[in-house]
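Numbers here simply count residues along the sequence, with the first being 1.
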Amino acid sequence: MARKEDQLNQSQKLLAIRRMPSLLEYFSYNCNFMGILAGPTCSYNDYIAFIEGTPYRHRDLETKGKVNGKSRLNDPSPNTEVIRKLATCFISLLVFLSVCKVCPVERNVDDDFIATTPFYAQVVYLYLSMLTTRPKYYFVWTLADAINNAAGFGFNGYDSNGLPRWDLISNLRIMNIELATSFKVFLDNWNIQTAHWLKRVCYERCPYNPTAATFLLSAMWHGAYPGYYLTFLTGIVITLAARAVRHNVRPYFLGSPALKFVYDVITWAATQIAICYTVVPFVLLSVGPSLKFYRSWYFCIHIGCILLAIALPVKPRHLRLKEQQPAVQPSLESTDSNRNQKQKTT
């Protein structure tokens, strides 16, 4: 309602709200029973389309009664997907209750542990302790997703094999998280719907330093605990360093499958340790224990990432976008020229 069509990108056009919602629609969207406790967040257009029984219309998935090439007589049953997600919830809860007390995160800042444990063992324990905290998030987000699917919300068309997809509002992809080979891949698969919201309202609209602005907004969105801010400030540095490494180093490892495999193994290990290092303050919440942990590691990852970000240049996002525009423009002009030529011939 506030911006012209030609000012929007494809994602914004898809989710733009063209009229002011009624009071009933507004409170229905914000207070619906399916997501009021644990989410996940979803776009207003997706929710209203679900309520009105037209979940594909605004996403241009329908073509003469077909969805992604498959005839649609009615929505597929979510029962199989709900059962699968409930099984995932059960396993996640069982793992969390079984191992969370075996590897408490607080031990990473214990004086005796720091003084008597070799550094390599501290690294391994950090990974294991943070690994055991993730199943509780897997449980809550997967349960919330299953609740929405059970109500019929979350159908996202069909995949290339003709199987129904129920991931429209899924909040995580567990295997992609555990096998992530970059900081970005991890973040893209963790708390997905919140990440989409942050991208829409901040990253795509901020002309300069969108990465830093998005991380700071995310910290404020999470709450007032200082540990959140330490985590997201650290995330800014690590994201910039990871981007620099990917742009400057990765091309040298794409020459053969063997080199690519070596690169993936190294980046997987580096990503997992970097993630664990980053989110320790998020779990500890307080400034004192968080800084104590970082001091025990001599702020080594902070320092290393700052040096990498400085030493390996990456062009700012707005400059990369400007470089892409000339490449797109000739293509559009060529398409228009071909269309005009056909019209003349006709």
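Linking ILVMFWY side-chain heavy atoms closer than 4.5 Å, directly or via other members, places Leu240 and Val279 in a single hydrophobic cluster. Following chains of ILVMFWY side-chain contacts shorter than 4.5 Å, one can reach Met130 starting from Leu128, so the two form part of one hydrophobic cluster. No continuous path of hydrophobic side-chain contacts links Ile114 to Val287 [ILVMFWY only; heavy atoms under 4.5 Å]. In the hydrophobic clustering of ILVMFWY residues, with side-chain heavy atoms under 4.5 Å counting as a link, Leu217 and Tyr225 come out together. Hydrophobic clustering (side-chain heavy atoms under 4.5 Å, transitive across Ile, Leu, Val, Met, Phe, Trp, Tyr) keeps Tyr203 apart from Leu8.
Residues Gln272 and Ala180 approach most closely at NE2-O, 3.7 Å, considering heavy atoms. The minimum heavy-atom distance between Glu81 and Asn149, with the atom names listed, is CG-OD1, 4.0 Å. What you find for Ile238 and Thr278 is that their closest heavy atoms are CD1-OG1, 2.9 Å. Among all heavy-atom pairs drawn from Ile177 and Asn189, the shortest one is CD1-O, 3.2 Å. Across all their heavy atoms, Tyr158 and Gly162 have their closest contact at CD2-O, 3.2 Å. When all heavy atoms are compared, the tightest approach of Asn248 to Ala244 is ND2-O, 2.7 Å.
Taking the six-membered ring for Trp, Phe282 and Tyr228 have ring centres closer than 6.0 Å.
With a 6.0 Å radius and a threshold of 12 heavy atoms from other residues, nucleotides or ligands, Lys13 has its NZ atom above the threshold. By the neighbour-count criterion of 12 heavy atoms within 6.0 Å, atom CZ of Phe299 is densely surrounded, having more than that number from other residues, nucleotides or ligands. Counted within 6.0 Å of CZ on Phe119, heavy atoms from surrounding residues, nucleotides or ligands total more than 12; the atom is thus considered enclosed. The environment of Asn209 atom CG is sparse: at most 12 non-hydrogen atoms of other residues, nucleotides or ligands sit within 6.0 angstrom. Atom NZ of Lys292 is surrounded by more than 12 heavy atoms from other residues, nucleotides or ligands within 6.0 Å.
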Val245 and Leu312: CA distance, side-chain angles, deciding distance, side chain to side chain contact (heavy atoms under 4.5 Å, CB included) verdict
CA-CA 7 Å; Val245 170; Leu312 302 176; 4.2 Å; yes

Apply the test side chain to side chain contact (heavy atoms under 4.5 Å, CB included) to residues Glu5 and Gln12: give CA-CA distance (whole Å), side-chain angles for both, the deciding distance (0.1 Å), then the verdict.
CA-CA 9 Å; Glu5 186 79 9; Gln12 292 167 342; over 6 Å; no

As a quick check of understanding, evaluate side chain to side chain contact (heavy atoms under 4.5 Å, CB included) for His196 and Ser11, giving each step before the final call.
CA-CA 10 Å; His196 287 172; Ser11 171; over 6 Å; no

Could you go step by step and tell me if Leu216 and Leu233 meet the side chain to side chain contact (heavy atoms under 4.5 Å, CB included) rule?
CA-CA 7 Å; Leu216 289 175; Leu233 288 173; 3.7 Å; yes

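The shortest side-chain heavy-atom distance between Glu178 and Leu131 falls under the 4.5 Å cut-off. When side chains are defined from C-beta on, Arg250 counts as touching Lys260, because their heavy atoms get closer than 4.5 Å. Using a 4.5 Å heavy-atom cutoff, the side chains of Trp221 and Thr194 are in contact. By the 4.5 Å heavy-atom criterion applied to side chains, Asn108 and Ser129 are counted as neighbours. In this structure, the side chains of Val280 and Leu126 come closer than 4.5 Å at one or more pairs of heavy atoms. Put simply, the side chain of Lys184 does not reach to within 4.5 Å of the side chain of Thr239, judged on heavy atoms. Phe96 is not listed as a side-chain neighbour of Tyr138, based on a closest heavy-atom distance of 4.5 Å or more. Annotation: side chain of Phe153 is in contact with side chain of Tyr47 (closest heavy-atom distance under 4.5 Å).
Considering OG1 of Thr234 and CZ of Phe215, their distance stands at 10.0 Å, rounded to 0.5 Å. To the nearest 0.5 Å, the span separating CD1 on Ile169 from CZ on Phe50 amounts to 8.5 Å. Rounding to the nearest 0.5 Å places CG of Leu86 at 9.5 Å from OG1 of Thr142. To the nearest 0.5 Å, atom CD1 of residue Ile306 and atom NE2 of residue His302 are 7.5 Å apart. We find the CZ-SG distance between Phe183 and Cys305 to be 8.5 Å, quoted to the nearest 0.5 Å. Note: Asp145 CG to Cys89 SG = 9.0 Å, rounded to the nearest 0.5 Å.
With hydrogens and angles ignored, the 3.5 Å screen pairs no side-chain donor or acceptor of Asp46 with any backbone N or O of Cys42. For the pair Gln122 (side chain) and Thr117 (backbone), a donor-acceptor distance under 3.5 Å is present. Of the possible donor and acceptor atoms, none in the side chain of Ser286 sits under 3.5 Å from a partner among the backbone N and O of Pro289. Thr271 contributes a side-chain N or O that, together with a main-chain N or O of Ser182, makes up a donor-acceptor pair within less than 3.5 Å. Judged by distance alone, the side chain of Asn45 and the main-chain N or O of Ile17 form no donor-acceptor pair under 3.5 Å. Using a distance-only test at 3.5 Å, with no hydrogens or angles considered, a donor-acceptor pair links the side chain of Gln193 to the main chain of Ser170.
In this structure, Glu204 does not pair ionically with Arg200, as no charged nitrogen and carboxylate oxygen lie closer than 4.0 Å. Looking at Arg165 and Asp167, a side-chain N of the basic residue comes within less than 4.0 Å of a carboxylate O on the acidic one, giving a salt bridge. Taking the charged nitrogens against the carboxylate oxygens, Asp188 and Arg173 have no contact shorter than 4.0 Å, which rules out a salt bridge.
A cation-pi contact links Arg107 to Tyr125, judged by a cut-off of 6.0 Å to the six-membered ring centre and 45° from its axis.
Between Tyr29 and Tyr44, the angle of the ring planes goes over 60°, which puts this pair in the perpendicular group of the 30/60° scheme.
Among Phe253, Trp268, Tyr252, the single residue meeting the ring-ring contact (aromatic ring centres under 6.0 Å, His included) criterion with Tyr263 is Phe253.
Looking at Arg243 and Thr211, their side chains do bring a donor and an acceptor atom within 3.5 Å of each other. Side-chain N/O atoms of Asn79 and Ser77 include a donor and acceptor closer than 3.5 Å.
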